[in-house]
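Below is one structure, written out as structure tokens; the observations come after it.
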Amino acid sequence: MAAVQDGQVESDAEKETKPDASNDVAGNSSGGARSMSPNAASSASGAAKAAAPTGPGEQQTLLAVLQFLKRSKLLESVDILRREAGLSDELDESQTNDGAAAGSASLLRRVSVGGAAATNIAATTTSKGAEDQPDVSIVLSAYSQQGDPALYQVYYSGLKNFIESVLDCHRAELSQLFYPLFVHMYLELVYNNHEHEAKVFFEKFSGDQECYYRDDLRVLSGLTKKEHMKGNETLLDFRTSKFVLRISRDSYQLLKRHLQERQNNQIWLIIQEHLYIDIFDGMPRSKSQIDSMSGSLAGEARREANKAKVYYGLLKEPEIEVPLDDEDDEAENEEGKPKKKKPKKDNLGSKNKKQDPNAPQQNRIPLPELKDSDKLDKIMSMKEATKKIRLGPDTLPSICFYTFLNAYQGLTSVDVTDDSSLIAGGFADSTVRVWSVTPKKLRKVKSAADLNLIDKEADDVLERIMDEKTASESKILYGHSGPVYGISFSPDRNYLLSSSEDGTVRLWSLQTFTCLVGYKGHNYPVWDTQFSPYGYYFVSGGHDRIARLWATDHYQPLRMFAGHLADITCTHFHPNSNYVATGSADRTVRLWDVLNGNCVRIFSGHKGPIHSLAFSPNGKYVASGATDGRVLLWDIGHGLMIGELKGHTDTVYALKFSRDGEILASGSMDGTVRLWDALKAFDVETDDFTAATGHIHLPDNSQELLLGTYMTKSTPVIHLHFTRRNLLLAAGGYNSQ
Amino acid sequence: MAEREERRFAEVSRDSVKLMAESAGVEVGDEVAALLAEDVCYRLREAAQNSSQFMRHAKRRKLTVEDFNRALRWSNVEAVCGYGAQDALPFRPAKEGELFFVEDRDVNLVNLALATNIPNGCAETMVRVHVSYLDGKGNLEPQGTVPSAVQSLSEDLLKYYQQITRAILGEDPHLMKVALLDLQTNSKIAALLPYFVYVISGVKSVSHDLEQLNRLLHMVKSLVQNPYLYLGSYVRSLVSSVMYCILEPLAASINPLNDHWTLRDYAALLLSHIFWTHGDLVSGLYHQILLSLQKVLSDPVRPLCSHYGAVVGLHALGWKAVERVLYPHLPAYWANLQAVLDDYSVSNAQVKADGHKVYGAILVAVERLLKMKALSLSKPAEGGVGGQQGTAGGVLGFRESSPGLSPPPEPLSEAGLGIASHLQAGGAGCPWEDWTPVPLPAMYCELYSFFGDSLAVRFSTGPELEGCLPALPCQPADARKETVANAAAGLDNSRKMPQLTANLNISPRPDGSPHTEPPPPSLAATIPGRPFARSSSSSSSVQRRSSSSRPGQRSAGPSRDVFPKARFPPPQAGPPSFSFLIGGRQMGRRCQGRRFQTSFGPQPPLASLPPRAYAHKLPVIGRVSKPVRRWTCSHYSLHLPL
């Protein structure tokens with residue numbers, strides 16, 4: 001799958017403008033290193049005499065963008081950019097013709113150490129690439145800074161020796177440097193065609209890396225030629241993002257001093273170019289603290305990324321007159337549990353009256369108005385809720401398993417309506433199938449001609465419009481042209497969303513069982529989609545790394561959430577519909593504000609692609625499950641990881657909190673459902689310091705939190721759902737192999 | 001590390017690239033080939049890595065060709081077609097050299113297109129709900145095809161189980177043979193026995209598929225022949241599975257092209273095999289088998305293939321079984337069969353063909369019956385009482401009957417039921433309880449009247465045979481009594497005194513109290529009198545256990561001796577009669593307590609008095625009401641004039 005080339009390159013080119021500016025943020029002493037380059041450049045060769053204007057890097061970038069725009073035939077934009085940048089046509093022309101020279105010139109400027117011979121090679125090699133594809137070569141040009149390839153090992157092992165010799169407390173922190181340095185040095189070697197040295201380098205040091213980087217290393221080890229780097233997603237990830245490290249000030253000073261003493265410019269350059277070191281004051285972190293947070297493609301989240309205020313509270317429930325409720329209840333419970341009603345009412349009342357201080361404004365996001373049928377449904381749901389079982393460590397839920405039999409075509413996704421009356425499955429053969437799990441059969445609305453005949457004034461008109469002849473237990477929806485990877489019911493049960501490999505999201509009517517809209521925009525496989533808890537909005541995310549927010553009546557997305565460095569694998573709405581959480585193959589969870597499209601939280605700590613998300617019913621926490629079999633719990637308000645649940649042996653594909661949030665159920669490919677004590681897991685004391693720094697020390701208490709493990713019979717669990725009465729429903733396709 | 005690096009990936013060699021280029025008609029230099037090979041390797045790895053995410057999102061563990069093709073498609077490379085099959089492709093080495101290739105057989109499309117056996121579509125995808133864990137506690141019931149406990153087995157055993165079942169039920173006949181052989185010889189599979197038995201019990205769900213039935217039967221055979229397995233009570237389950245194949249009108253037999261007859265023959269053989277080798281593991285097994293065979297035989301509603309099964313089953317169980325069940329049934333059955341065979345209408349053709357099958361089976365069975373009977377008579381006095389079996393019958397006659405011809409002594413002699421077997425056996429009055437052996441000549445005469453010369457071709461009629469059985473037919477009652485007494489004496493020597501319980505079967509005035517009384521010791525002594533028990537002493541309910549009233553027992557006894565009577569039994573309107581059942585348990589011989597039973601059978605209940613009215617009121621040991629009723633019916637039908 002050849003990445004998202006065009007779009008990605010564009011953004012790369014734009015980002016190219018940033019590194020120079022942000023260099024100084026990370027290393028305040030970058031001047032020292034930089035001062036070396038002019039000398040080197042001037043002494044280098046006459047080949048660089050062509051054009052070395054001031055700020056060549058930036059100009060180069062601009063030219064690259066120009067060329068890209070030209071290629072894409074965006075001529076107006078070219079003109080505008082040219083005007084704004086003050087570039088003349090001639091310069092542009094000369095640059096294009098003389099691209100080789102320009103490229104090498106800029107490269108040479110960056111060369112720090114190394115003899116003229118080496119730079120000559122660099123110049124010639126890069127110029128070759130530049131002729132072919134100037135813009136791409138510029139994207140990669142950062143790797144042309146080059147020392148003696150043989151010395152890379154020396155540099156690396158020098159740093160390794162240094163880090164191993166420092167005090168324990170700093171060692172753990174500085175060890176974070178190993179992985180990004182290793183990767184970037186390796187890529188530099190590969191880029192500069194030192195295939196053999198790259199191999200040797202890899203063999204020598206890949207064993208030192210943390211085991212959770214194994215997957216990335218495997219990809220990396222396959223990459224031995226410069227040509228391979230073009231269009232390689234992993235490379236783009238490393239290239240386009242700065243690897244973020246959190247290091248205490250003391251450790252950082254130590255490192256800086258060492259590098260300056262040793263004149264280790266190669267490493268220093270890499271740190272400046274590709275790493276972002278987030279310096280904090282205070283105690284250095286321990287190894288376990290670091291390990292729990294690292295593992296993502298781009299390192300940890302920057303601290304300021306998680307500083308924004310998040311209104312995680314729930315919206316006020318709309319006032320609904322519930323006289324009907326009372327009457328009904330009395331009629332039902334004549335034998336007498338009138339006592340029960342009182343507390344329930346209070347409960348509801350208090351919820352309604354008091355505005356949660358952390359809740360967003362009611363109309364922060366415009367929500368659809370409640371229809372009469374919605375109100376009825378709310379009442380039903382409240383009535384059901386009064387009968388729900390209070391779960392806890394001593395009262396575990398019963399589990400019903402919905403087994404998909406004869407699903408030879410491959411079951412890829414499942415969803416259950418909130419009232420547990422319908423279940424839908426998305427299959428690899430592009431179909432979506434909907435089943436009724438109550439005795440009530442699925443019926444279509446009559447055809448238009450027949451609808452004309454019915455008496456529209458009749459009381460039971462809703463009943464009359466249904467075509468009895470079409471009643472059946474299940475319906476099949478045809479329309480997609482690829483496996484259906486995501487599926488979601490609307491809260492009012494009138495619609496169904498499905499997202500597929502064919503790059504579209506489709507909206508289906510559950511009245512007529514036909515497709516209403518195909519939402520196009522992703523152009524690449526859409527891995528997941530979900531309706532907002534209030535309907536109308538939905539979110540989708542896929543291989544193009546962009547999550548999109550849609551409204552059902554708009555064929556174009558309302559928001560695009562860009563920032564993930566790899567596929568978005570799952571999407572989830574916050575219960576108050578103001579935020580969207582996305583899990584990604586870059587091993588981070590991000591929380592996006594629906595209002596302005598900002599990324600308000602980045603949670604790093606997973607060691608594999610994230611495949612499931614669940615918000616706690618009170619909106620305060622989010623749980624995420626990944627291919628590494630771990631479930632992590634996050635406090636949204638503080639932006640902290642507050643728990644790690646270990647136990648599953650394979651990808652966690654399903655997560656769900658019980659209706660009251662006491663129990664977290666997780667379902668996995670390993671064929672088990674596990675129940676966790678969520679209340680206890682959330683009961684982690686967080687003082688101000690940990691809240692401020694985010695350096696929480698996690699207790700390793702998975703075993704205490706695990707309340708039960710329940711096996712299925714060779715059926716991976718791919719969906720979990722708590723009914724309104726807190727019965728746990730699990731679903732999966734029976735796997736006969 | 002270096003090795004790891006070198007061997008981490010599958011590589012496409014330079015030569016392969018050259019070959020492929022050649023096949024595409026391009027000449028490629030060494031250097032180019034090397035470069036290409038390397039690039040191809042990298043691209044393959046890349047595609048594999050990309051395809052793995054399709055696998056992950058499809059929530060599978062197995063990377064499929066489809067996943068790979070998707071990855072190729074998204075990188076604008078043509079997909080590879082033709083490898084979408086679910087099953088793994090066989091990967092075979094070529095004989096010479098280290099060459100491996102994927103087997104790619106030619107498919108004859110013409111045959112495929114014209115094939116008559118249109119493959120069934122896949123079953124419909126459906127959702128089934130199942131309460132797995134109630135209040136977070138345990139499974140309520142097993143679900144799915146794999147018994148839940150299998151999962152608790154050790155990894156190896158589980159794997160073995162899966163492999164074996166897959167091999168046996170799979171496509172590859174060679175693999176099946178290997179699996180069956182292993183099942184027959186493996187000494188470590190005792191823990192899996194329940195699961196194999198469970199699999200075999202699946203015969204009921206594959207009755208449409210002769211092939212599968214056959215394979216399951218082979219599985220039974222292997223299990224039975226495995227010397228390391230103690231089948232224990234699983235014999236019963238195995239037998240019931242085999243009986244299913246013998247007796248049931250299988251779905252497969254709807255199609256006359258299906259050779260379900262062979263299956264029944266094989267199952268019958270298997271049944272007798274199980275019985276000979278493991279019959280002593282379950283008490284009353286023989287009895288049960290005979291009973292169910294008889295039930296099928298006497299049920300005219302059953303299709304002929306079931307009757308056929310019953311006949312071959314009896315035949316396989318030995319001539320004694322034939323003599324006891326089939327022979328007495330023959331008159332009644334014959335009429336039915338005759339009707340079928342005489343119907344020459346076209347619509348009847350199929351049924352008639354089946355009828356001939358049954359006819360043939362009966363013929364074979366009775367011929368052997370006659371032969372064996374003659375044989376056993378020709379070498380009398382073997383083992384003391386062997387010679388008398390022709391007349392003595394009952395308990396003793398069977399004990400030392402010539403081995404291999406009749407069932408093992410144990411189940412037969414105690415074919416009478418223990419307490420427990422009341423349930424299946426239907427209490428007293430079973431035909432083999434009140435059955436009187438018919439002398440050979442009479443039997444022959446009767447059979448001859450049915451089969452005519454078709455019988456004669458295989459068994460010589462005439463005086464010589466009669467000579468073999470000197471004076472037997474005319475032996476008076478006292479002689480019989482004596483022999484029995486002798487036998488009883490012999491029995492008493494070899495056995496400890498049995499504890500007896502008595503069982504009243506049919507009584508006009510049911511009076512529940514006495515049957516609970518401990519039997520008086522004298523009872524044992526009365527056993528010899530058994531043949532005379534067919535009494536009409538309707539009056540004494542007190543004395544019934546003593547079976548003292550014997551006069552008149554002969555009244556109906558000889559009715560079988562005379563052929564015409566058997567076919568058209570005189571309408572008898574005698575008073576309701578008693579039948580005594582004396583059952584007991586003898587401890588100390590072999591492993592468990594042996595049950596035996598004798599019964600004092602009544603004359604066949606007669607039409608004038610519906611027996612079931614009594615059956616309900618019977619004060620008997622155990623729950624007999626139901627079986628008794630059923631039995632009386634069949635008993636009745638035996639003598640129904642046709």
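As the structure is a computational prediction, the values presented were derived from the model and not from experiment. Naming: A, B, ... by sequence-line order, numbering from 1 per chain.
- Residues Thr224(A) and Tyr42(B) form no side-chain contact, since every pair of their non-hydrogen atoms from C-beta on lies 4.5 Å or further apart.
- The side-chain heavy atoms of His719(A) and Lys59(B), taken from C-beta on, include no pair separated by under 4.5 Å.
- Chain B forms more heavy-atom pairs under 4.5 Å with one residue of Leu727(A), Ile423(A), Thr569(A), Leu707(A) than with any other, namely Thr569(A).
- You'll find the side chain of Glu501(A) reaches within 4.5 Å of the side chain of Trp74(B), heavy atoms only.
- Taking Pro716(A), Gly410(A), Ala428(A), Pro483(A) one by one and counting their heavy-atom pairs under 4.5 Å with chain B, the maximum is reached by Pro483(A).
- In this structure, NE2 in His57(B) is found 9.0 Å from CG in Asp528(A), a value given to the nearest 0.5 Å.
- Proximity to chain B involves both the backbone and the side chain of Phe404(A), based on heavy atoms less than 4.5 angstrom apart.
- There is no contact between Leu728(A) and chain B, counting heavy-atom distances below 4.5 Å.
- Chain B forms more heavy-atom pairs under 4.5 Å with one residue of Leu405(A), Val673(A), Asp215(A), Ile718(A) than with any other, namely Leu405(A).
- Within the model, atoms CZ of Phe54(B) and OH of Tyr485(A) stand 5.5 Å from one another, a figure rounded to the nearest 0.5 Å.
- When side chains are defined from C-beta on, Asp39(B) does not count as touching Lys225(A), because their heavy atoms never get closer than 4.5 Å.
- In this structure, the side chains of Asp567(A) and Gln53(B) come closer than 4.5 Å at one or more pairs of heavy atoms.
- Only the side chain of Asp650(A) comes within less than 4.5 Å of a heavy atom of chain B; its backbone N, CA, C and O stay farther away.
- Remark: Arg73(B) CZ is packed, more than 12 non-hydrogen atoms of other residues, nucleotides or ligands lying under 6.0 Å away.
- In this structure, chain A has a heavy atom under 4.5 Å from the side chain of Arg43(B), while its backbone stays farther away.
- Of the atoms belonging to Asn726(A), not a single heavy atom falls under 4.5 Å from chain B.
- The distance from the OH atom of Tyr653(A) to the CZ atom of Arg56(B) is 7.5 Å, given to the nearest 0.5 Å.
- No more than 12 heavy atoms of other residues, nucleotides or ligands shown are found within 6.0 angstrom of OH on Tyr234(B).
- Checked by atom type and distance alone, the side chain of Arg61(B) pairs as donor or acceptor with a backbone atom of Met669(A) at under 3.5 Å.
- Using a 4.5 Å cut-off between heavy atoms, Ala407(A) contacts chain B through both its backbone and its side chain.
- Looking only at side-chain heavy atoms (C-beta outward), Arg218(A) and Arg45(B) stay at 4.5 Å or farther from each other.
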